[in-house]
Amino acid sequence: MTIERTLSIIKPDGVQKNLIGEVYRRFEQAGLKVIAARMLHLSTAQAEAFYAVHRERPFYRDLVNYMTTGPVIAQVLEGENAIEAHRRIMGATDPKKADPGTIRRDFAASIEENVVHGSDAAETARQEISFFFAQADICPRTR
Ligand code: CMP
């Protein structure tokens with residue numbers, strides 16, 4: 001049993017569609033625990049830095065623009081195999097390829113406006129968590 005932490009974002013379209021509760025319900029139903037959360041409206045510089053790994057991709061500028069159109073909610077999820085569990089709940093990046101019952105299949109409008117983001121590996125999770133949260137912001141469950 002590996003207890004992991006992962007970084008999750010409800011993107012501007014997810015917040016706009018009032019899906020915060022629905023997304024959290026799916027996380028909690030799967031046994032993932034929210035141990036840190038914050039709402040913020042990303043600046044262009046923040047979105048550019050967060051997605052720097054995609055800087056050379058043709059969709060980078062549109063992605064940065066979209067991520068700054070409205071507030072997002074970032075959270076740290078903790079649980080058994082949290083990185084993979086979270087990715088399963090989200091579904092494939094492209095909602096057309098996402099399995100039925102996943103967040104993206106159920107709610108995403110397109111590959112760009114795909115409601116949620118999740119870290120793809122352990123090292124990325126560490127980096128992405130520290131992008132949004134200081135150590136003191138993280139509240140491991142004590143009960
Ligand atoms: P995310 O998991 O946040 O990681 C990068 C994001 O880029 C992705 O979700 C999509 O929102 C966005 N994106 C836009 N176009 C593409 C594409 N062709 N391939 C992958 N990601 C894309």
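We count ligands from 1, going down the list as the structure has it; atoms in each ligand are counted the same way.
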* Asked: In terms of heavy-atom contacts, does NZ of Lys33 have more than 12 from other residues, nucleotides or ligands at under 6.0 Å?
  -> no

* Quick one: sort the His54 and Phe59 rings into parallel, tilted or perpendicular, breaks at 30° and 60°. => tilted

* Asked: Got the residues with a heavy atom under 4.0 Å of ligand 1, by chain and number?
  -> Lys11, Tyr51, His54, Phe59, Leu63, Thr93, Arg104, Ile111, Glu112, Asn114, His117

* Side chain to side chain, Phe132 and Ile9, heavy atoms closer than 4.5 Å -> yes

* Are a donor atom and an acceptor atom from the side chains of Tyr60 and Glu48 found within less than 3.5 Å of each other? -> no

* Side-chain heavy-atom pair Thr6, Glu84 within 4.5 angstrom cut-off -> no

* Structure fact -> So CZ of Arg104 and CD of Glu113: to nearest 0.5 Å the spacing works out to 13.0 Å

